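One structure is given here, and the rest of the page talks about it.
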Amino acid sequence: MRVGFYQFAPVFGDPAGNTARVREALSALEADLIVLPELFNTGYQFVSEDEARDLAEPIPDGETCAALIDLARERGTHIAAGIAERDGEAIYNACVLVGPEGCVGRYRKLHLFYEEKRWFQPGREPPPVFDVGGVRLGLMICFDWIFPETARMLALQGADILCHPSNLIFTLCHEAMLIRCLENRVFAVTCNRTGRDERKPGETLTYTGGSQVVDPRGRLLVRAGEENPEGQVVEIQPERSRNKDFNEYNHILGDRRVEVYDMINRPAVP
Ligand code: ACM
């Protein structure tokens, strides 16, 4: 299976232009799965809730989703992409998974980062896993990385590959995802955007690129540069994620001591 990403610098507020940029870039990539950045169509640095509402689109009936489905058909691939979703009065930071068969599913970001809390509502559902031709694809978005529960919930549902659209301004996540893959024995494709946003006086956001594919042993298979648009595809054997044996005595998921983990769901000591 050929999996990869296309990282670039979305132009704020230009969904049609950003989708056209992706279409152009994907014409040069042969892949079965491509991951795009978080909020790839709208850009990231909103300055008001109205702005976020105006740019957000329904899933699956919005223009971006329709264009992604067309593109997936044309290229014979699946695409996981971050888009701003509008559902009635609510706006979500969402990830959509589409393929030649149409919209496969959607995830609404659980762990909102920084000012995202001003524009978006947090998702209320666990991160989902979708079976696509026998390969199980899990969806998570950017800051979800710092909560190990997210990747674990995906692994417990049998995810082979974590699709991880991102807009990162640090590089901590890049290293942490090696551990998320190691501790869950899964692949991960993190697609991080490049460029910068200076839409708010006094606050420049510089994104760190470095999109990457990691294997179930926590090894980096490929990592992009930090600054430029870049697409990469790597060949993997997704079934490698199914072997959760650490050695002949230890099983990554089976050895969990769930009977003593109850406190995980308790509030933390202040
Ligand atoms: C992030 O969640 N965009 C850091």
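Counting convention: from 1, in listed order, for ligands and their atoms alike. No experiment lies behind these values; they were computed from the predicted model shown.
With a 6.0 Å radius and a threshold of 12 heavy atoms from other residues, nucleotides or ligands, Glu63 has its CD atom at or below the threshold.
Every protein residue with a heavy atom nearer than 4.0 Å to ligand 1 is included here: Glu38, Tyr44, Lys109, Phe113, Glu116, Cys142, Phe143, Asn167.
The side chain to side chain contact (heavy atoms under 4.5 Å, CB included) with Pro37 is formed by just one residue from the set Phe5, Phe8, Tyr207, Tyr44; it is Phe8. Each of His174, Gln212, His164, Gln7 was evaluated against Thr190; a single residue qualifies, His164, per the side-chain hydrogen bond (donor to acceptor under 3.5 Å, both in side chains) test.
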**Request:** List the steps, then state whether ring-ring contact (aromatic ring centres under 6.0 Å, His included) holds for His111 with Phe147.
**Result:** CA-CA 8 Å; His111 306 101; Phe147 303 90; 3.9 Å; yes
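Using the six-membered ring where Trp is involved, Phe12 and Phe46 have ring planes that are perpendicular, over 60° apart on the 30 and 60° scheme.
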Identify all side-chain donor-acceptor contacts of residues 121-142 below 3.5 Å with residues at least two apart in sequence or on another chain.
{"from": "Asp131", "atom 1": "OD1", "to": "Gly134", "atom 2": "N", "distance (Å)": "2.8"}
{"from": "Arg136", "atom 1": "NE", "to": "Gly158", "atom 2": "O", "distance (Å)": "2.6"}
{"from": "Arg136", "atom 1": "NH2", "to": "Gly158", "atom 2": "O", "distance (Å)": "3.3"}

